[in-house]
Every structure is written in C-alpha cells, then in structure tokens.
2 protein chains.
Amino acid sequence: MTASPSASSDMASSRIFETLKQDLIRGRFAAGEKLAISALKDHYRVGLSPLREALNRLAAYGLLEQVNQRGFRVPAMELEELDDIAGLRAQLECMALTQAFQAGDSEWESQVLAAHHRLRRADEHPEQVEEWEQAHLRFHRALLASCGSHWLLRFIEQLHDQFDRYRRLAPPNPAVRKALDRQHGELVELALSRDIRAARALLDDHIRLSHSVARGCCESPASDDDT
Amino acid sequence: MTASPSASSDMASSRIFETLKQDLIRGRFAAGEKLAISALKDHYRVGLSPLREALNRLAAYGLLEQVNQRGFRVPAMELEELDDIAGLRAQLECMALTQAFQAGDSEWESQVLAAHHRLRRADEHPEQVEEWEQAHLRFHRALLASCGSHWLLRFIEQLHDQFDRYRRLAPPNPAVRKALDRQHGELVELALSRDIRAARALLDDHIRLSHSVARGCCESPASDDDT
DNA sequence: TTGAATAAAAAAATCGATTTTATTGAGATG
DNA sequence: CATCTCAATAAAATCGATTTTTTTATTCAA
C-alpha cells in the first residue's frame, strides 16, 4: 500500500466505514436488501460498536437507510432517482468547473495533467477495474479541485458516489469507455486553454453519456414485473 | 398522530441526534470546542452507544468533526466558510426555485401560503424564538418543495443548517427582521404569479442580506487577537 | 532551565452481555 | 376459512465493563 496513507492507523469504525462504502458503491448488496447486522459482523470480522457507528455514518451520507427499530437497508434504485442524481451532478460539476477554471493556477494544471496521466496508465490494464475506478475518481476530483468551494466539492463527491452505484451496474463496454476517455483528454486540453464554455458543454456531455449507459442498465430489472 | 409523527417512538440514538443537532445549530457549543463524551452522556441522560451513534451521524452530516482517536469537536467558524456556504446556498436555492416555479401545482401554492401564514403568526410573538425559527425553516422548505429534486433539497437543507449556525450568532435585529419578512411576502406573490426572474433576484437578495448580517457578527470574534 | 523519558490519569474506542422491540407461527375463535 | 391472540424466536438497540490510546504529570539527565 503506497497510495493510501492512513489505512492502518484509522480506528476500526473508520475502516469498516470505508470498506462498507466501497462495497455498497460496487453493488455487492442488492438494492432494497435488509442488512443483517450480525451477519455483517461475522463477514467483516468487526465488533458490534464500530459496525453500528459505520452504519450510522453511511445512513447520514445517503448510502443506507435506517428504519426506526428495524435496522438498516440498502436504498432502492429507481430510474427517477438516477435522473435526479445525474442531472444535479451535471449542474453542480459545471458550476464547479467554471470556478475551477477561473481560480486554477499552474499547480492545479499540474495536478490535472498528473491525474490524467495516471488515468491513461490505468487504462492499459482493463483487468484491474478498481485501479481504473480510483484513477477516474481522482481525475474528476483534480479537475474541480481549484473551484474554491469546500461545500460544493463535498456535494459533488457525494453525488459521484451515488451515481457510481448506478453506473457500476452496467457491464463494461469498450466502445463507451473509449469515448469517455477521449473526453477526458479533451477536458485536459480545455482546462489548459481555460475554455470555459467548451469545457462546460463537454463535461455535460460526458455525464450525459455515462447517464444514458447507466440508464439502459437500470431500466431492465425494473421492467421485469411491470411489462 | 397528525402533527408530530415519530417523536416518542424514535429510538434513543435518533432523539439525541435531533437534540444535539439543534443545540449545535443554536450555538450552544463554542466553535472549535472539543466535546467531552462522558459529560454529554451525563448532560443529556443517554447511554454511550446511542450517543456515539448520534455523534457519528452528525459528523457525517458536517455539524461535527471527528479526529482520529481524539473524539469529536465542533467545527471552527470562519468568515471564508460562511461566504462559501452563503454563496452556494444562493446558487442552489435559486436553481431549486426555478424548478419549483416550473413544476409547482396548486397544492404547492397552498402549502406556500399556509407556511407563510404560520410565519406571520410566529412573527407576532418575538419572544418565542424557536417557534419563529421553525416556521421560517418550513416556509423556505415549502417554497422549494416542488422542485422535483430530492438530492437538491437535501443539500439545500444541509446548507441551511450550516448557515443558521452562523446566522444565529448575530443578536436579533428588528429592522433586519422586518426587511426579511417583507421579502417573504414578496416571494409568495412572485410564486403565485410564477415570476421566475424576479423571484430569483429576490431570493438572492434575501440570502445576501442574511449573509451580510451574519458576516458582521462573525468578523468580530476573529479579529480579537488579530488586530 | 530545558528536554526527553516514563509513569499516572483521563478519555476514547471497543467488546460482551442484557434489554427491548419486531417477527414468526401455533392454536383459539368467530 | 379467515383472523386474532399470544407465546416463542430472532433481531435491533442499549448498557456496563474492558481495552486501547492520548494527555497530563513527574522524574531525571544534560
């Protein structure tokens, strides 16, 4: 482990929080599923207290729902919500992009370039899915990092996690991946040239494309008992 | 049960969460203060487990900060952050307002009128601060409720709570209160006439006014040891 | 006097057990 | 046959005690 600095120094509740968060985003649990706390306890080899604290944090974050005296459940996945998440994500990220372009200095440019380079490297190993996912997340983070608004970045991160829950349902598609990657490259160029208008349009397209892919995959399970 | 559905049926951790949340927003704890868990336990008469779960949720919500093995602390209050919160709040609320005006039906209009009426009633009793605060929050909620985006409303609520932490520091000011209340009335009229442009400008002013008042109060303590 | 090392105290985090609440299913009743 | 009651079971929530970590206080050497 080179990249993650504070993995072993964190307390148990933080570790299990991160692990559970990733597993939820990766779709390891079925949507709507009720979490059996003692089963989680055994599976993740953690005590009850750290586990419950992590579950509470995840509920506050929106990756779990807490029902009064009935424990925790994985939120249902609905087409309507995906549209909401994607639409708002596009708006907020365009907002942040504008501010990032206006405030970004050369250090920001360097970080964007570096993150893009790592993303391209990760692209060379399609079998290492999680590596690419992390590089992808970090690229988008780097692009908006200089926007100056702590809270805007926080909300965007939250929406990104929510969006990924849906996006990750879709099977890998090389053609789409290729198109998205071209857009990443173009975004870097537009960042360096500070072309706000073009970059906004491109980022909007970028999210729209991911959205439509996720949408196609989200529809099918819902229409099972509906058509 | 008509008005307060799940007040007494909630479990202890939810009750203490709400109580602590209100106390944090009301400024009962000093900014930057470290929370002594066992003191809280005694003060609120709750057990350790529900208390810790509530603290974890509040940290995920952004009303507390958790330091690795060092417990919880109240976030510092900085002018810079207030500006961030107010600016983003204005942008997100204007966004929601536009969508609310476009999607709002007559039921929404009724709820806005009802909430405004309750706010005016609460205004008649300036000594009951909390009543007014609740009515005020509910009015702004009602105004945006029909915007159609669950996640946008969620973020706006979160920002509102953060903003109130700052706003509540300022001493009551009848003149300001009067100006704000006039704006509430004008917002209702513009909602009924669906004048999006004017309403956006007014809401922006509304937040800007609150912001400048809070700003004036936030500056003084910071400049104590700085000038 | 300062500063590192260490012991004592306090606080946070975690564990195991208990209490409370929801769920299930068998038997009674209409 | 459906529905209701009530015990039995399972699960969630909470408690009290223990373990781990940090903070404070103290000692001793430079």
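Lettering follows sequence order; numbering is per chain, from 1. Please read all numbers here as calculations on a predicted model, not as lab measurements.
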note = Taken to the nearest whole Å, CG/B/N56 to C1'/C/dA12 is 12 Å

query = Tell me: CG of A/L48 to C1' of C/dT20, nearest whole Å?
reply = 14 Å

ask   = Closest heavy-atom contact between A/Q99 and A/S149?
value = NE2-CB, 4.2 Å

request  = Could you tell me whether B/L35 contacts a base, only the sugar-phosphate backbone, or nothing, with contacts defined as non-hydrogen atoms closer than 4.0 Å?
outcome  = sugar-phosphate

Distance in angstrom units between A/D10 CG and C/dA12 C1', rounded = 15 Å

query = C/dA13 C1' sits how many Å from B/L40 CG, rounded?
reply = 16 Å

B/I37, nearest nucleotide to its side chain (from C/dT14, C/dA13, D/dT14) = C/dA13

ask   = Could you give the CG-to-C1' distance, from A/D42 to D/dA11, as a whole number of Å?
value = 14 Å

task = May I ask you to decide if the ring planes of A/F29 and A/Y44 are parallel, tilted or perpendicular, using 30° and 60° as cut-offs?
result = tilted

ask   = Between CZ of A/R167 and CG of A/L169, what distance do you get to the nearest 0.5 Å?
value = 10.5 Å

ask   = Once you round it to whole Å, what is the distance between P of D/dA13 and CZ of B/F17?
value = 15 Å

message = Strictly below 4.0 Å: does A/S13 bring a side-chain N or O up to OP1 or OP2 of C/dT14?
response = yes

inquiry  = Rounded to whole Å, please give me the gap between CZ in B/F72 and C1' in C/dA11.
reply    = 13 Å

key: Short N-O contact, A/R168 and A/E130, less than 4.0 angstrom   = yes

Side-chain heavy atoms of B/C147 within contact of B/L97, under 4.5 Å = no

ask   = Relative to the ring of A/H140, is the ring of A/H184 parallel (under 30°), tilted (30 to 60°) or perpendicular (over 60°)?
value = perpendicular

message = In this structure, how many angstroms lie between the P atom of C/dA11 and the CD atom of B/Q66, rounded?
response = 18 Å

ask   = In terms of the nearest nucleotide of DNA chain C, which residue is placed more toward the 5' end: B/A36 or A/S49?
value = B/A36

task = Spell out protein contact along nucleotides 18-24 of chain D as letters: B when the base is contacted, S when just the sugar-phosphate is, - when no protein heavy atom is under 4.0 Å; keep the 5' to 3' order.
result = ---SSS-

Using distance only, find each side-chain donor-acceptor pair of residues 110-117 of chain B under 3.5 Å and give its atom names and separation, not counting sequence neighbours.
| unit_1 | atom_1 | unit_2 | atom_2 | d |
| --- | --- | --- | --- | --- |
| B/S110 | OG | B/S106 | O | 2.9 |
| B/Q111 | NE2 | B/E107 | OE2 | 2.8 |

request  = Respond yes when some side-chain nitrogen or oxygen of B/R52 is under 4.0 Å from OP1 or OP2 of C/dA13, and no when none is.
outcome  = yes

